[in-house]
There are 2 protein chains.
Amino acid sequence: MLSKKTQYAFHALVHLAENVDKGPILISEIAQEKNISIKFLENILLELKNAGILGSKKGKGGGYYLMRPPKEIALAKIIRLLDGPIALLPCVSLNYYERCENCRDEAVCGLNEVMGRVRDSALKILENKTLKDILTRNN
Amino acid sequence: MLSKKTQYAFHALVHLAENVDKGPILISEIAQEKNISIKFLENILLELKNAGILGSKKGKGGGYYLMRPPKEIALAKIIRLLDGPIALLPCVSLNYYERCENCRDEAVCGLNEVMGRVRDSALKILENKTLKDILTRNN
DNA sequence: CATAAAACCTATAAAAAAGATAGACTAAAT
DNA sequence: ATTTAGTCTATCTTTTTTATAGGTTTTATG
């Protein structure tokens with residue numbers, strides 16, 4: 001499961017994406033709209049800013065805004081930034097790989113193979129779906 | 001990521017599957033073979049037993065064994081038992097569903113839709129792949 | 001220039017979960 | 001009777017997650 005942090009981030013980003021044309025948006029507005037603790041959200045938005053995903057403006061009329069158009073922000077990027085690995089096992093993670101300490105040879109491990117597939121199938125979606133895709137539902 | 005508990009369980013189950021014809025297998029043998037703390041493994045195997053996945057025999061010549069053939073034990077079942085939800089969000093979980101507290105209407109939420117797809121793509125693999133499939137690698 | 005608004009930064013605390021261990025109990029084999 | 005090996009329950013430690021607190025800096029504007 002994704003952490004609350006990542007979940008909140010997604011909801012906040014959606015709100016920012018829905019209001020791209022309205023200039024900087026207040027943390028407090030997002031917090032209220034999405035029912036998130038304002039102080040916690042503050043930290044999250046700051047982290048997104050430090051990663052180059054958000055920009056901000058201080059003082060009156062300030063707030064946060066997206067640094068790129070919603071369709072250029074992939075969901076996988078947000079998850080990796082705030083939650084770490086997307087893979088189910090360390091030995092199968094592309095960005096946070098760690099050697100398996102319970103099997104003799106990963107190249108021969110069937111678990112490694114299957115979990116690699118699960119990772120691929122998740123990434124196929126998460127790397128290609130963007131903020132824009134989660135603004136509205138298209139069934 | 002899967003917890004250590006679940007990871008250990010998979011490795012232990014693989015060992016049991018590899019030795020189905022050898023009668024009950026000692027916890028200590030599995031622990032040593034797979035480099036797992038014996039006491040921790042004890043708890044895990046017990047949990048698997050209480051869930052009906054393993055059987056056991058006490059006393060000399062005792063140990064643990066699979067209650068069904070490896071090809072009938074789906075990976076998804078083990079994950080759900082020891083780790084809980086497979087889905088990335090509570091609002092998209094089939095077995096551990098919880099209402100989303102940050103959005104107005106899940107039926108309209110684009111995040112809900114995408115995460116539902118991620119869940120489906122993972123389940124398609126995890127529900128169909130069994131212990132037997134992870135015994136050896138077939139590329 | 002003073003004031004207020006709003007993000008920035010750092011630390012810390014509280015709670016929950018994960019990981020691991022301890023030790024006494026029960027059942028079975030010989 | 002003794003030994004072997006799983007059973008049960010409790011506890012403990014560590015790490016991670018979630019959340020809060022409070023002062024600092026920047027900016028707009030009257």
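Proteins get letters first, then strands, A, B, ... in listed order; numbering begins at 1 in each.
If you check residues 5-27 of chain A against DNA chain D, the residues with a heavy atom closer than 4.0 Å are A:Lys5, A:Tyr8, listed by number. Interface residues of residues 50-59 of chain B facing DNA chain D, ordered by number: B:Ser56, B:Lys57, B:Lys58, B:Gly59; criterion, heavy-atom separation under 4.0 Å.
Atoms CD1 (B:Ile30) and P (D:dA5) sit 13 Å apart, rounded to a whole Å. The distance between atom CD of A:Glu47 and atom P of C:dT10, rounded to the nearest whole Å, is 13 Å. We find that NZ of A:Lys4 is positioned 11 Å from C1' of D:dT17, with the value rounded to whole Å. Taking atom NZ of residue B:Lys49 and atom P of nucleotide C:dA27, one finds them 11 Å apart after rounding to whole Å. Taking atom CG of residue A:Leu41 and atom P of nucleotide D:dT20, one finds them 12 Å apart after rounding to whole Å. D:dC12 atom P lies 18 Å from atom CZ of B:Phe40, rounded to whole Å. Residue A:Met1 contributes atom CE, which lies 16 Å from atom P of C:dA16 at whole-angstrom precision. Distance CD1 (A:Ile36) to C1' (D:dA19): 13 Å, rounded to an integer number of Å.
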(message) Please evaluate residues B:Glu29 and B:His15 with respect to the criterion side-chain hydrogen bond (donor to acceptor under 3.5 Å, both in side chains), reporting the C-alpha separation (whole Å), side-chain torsions for both, the decisive distance (0.1 Å), and the verdict.
(response) CA-CA 10 Å; B:Glu29 175 185 322; B:His15 187 80; 2.9 Å; yes

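Note on A:Glu72 versus A:Lys132: no salt bridge recorded, every NZ/NE/NH1/NH2 to OD/OE distance being 4.0 Å or above.
Using a 4.5 Å heavy-atom threshold, the side chains of A:Asn102 and B:Phe10 count as separate.
For the atom pair CG (B:Asn19) and CD (B:Glu33), the distance works out to 8.5 Å, reported to the nearest 0.5 Å. With rounding to the nearest 0.5 Å, the separation of CG in A:Leu54 from CG in A:Leu66 is 6.0 Å.
For the residue pair A:Leu89 and B:Met1, the shortest heavy atom distance occurs at C-SD, 3.9 Å. Between B:Ala17 and B:Leu131, the shortest heavy-atom distance links the atoms CB-CD1, 4.2 Å. Of all the heavy atoms in A:Ile79 and B:Met115, the pair that sits closest is CD1-CE, 4.3 Å.
For A:Ser37 and D:dT18, the shortest distance from a side-chain N or O to OP1 or OP2 is not below 4.0 Å.
Remark: the A:Asn43 side chain and the D:dT18 base include no donor-acceptor N/O pair separated by less than 3.5 Å.
Shown are A:Arg119, A:Arg80, A:Lys77; of these, the salt bridge (charged side-chain N to carboxylate O under 4.0 Å, His left out) with A:Glu127 is made only by A:Arg80.
Base contact: A:Lys39 has a heavy atom under 4.0 Å from a base atom.
Residues A:Gly61 and A:Glu42 both approach DNA chain C. Their nearest nucleotides, taken by heavy-atom distance, put A:Gly61 toward the 5′ side.
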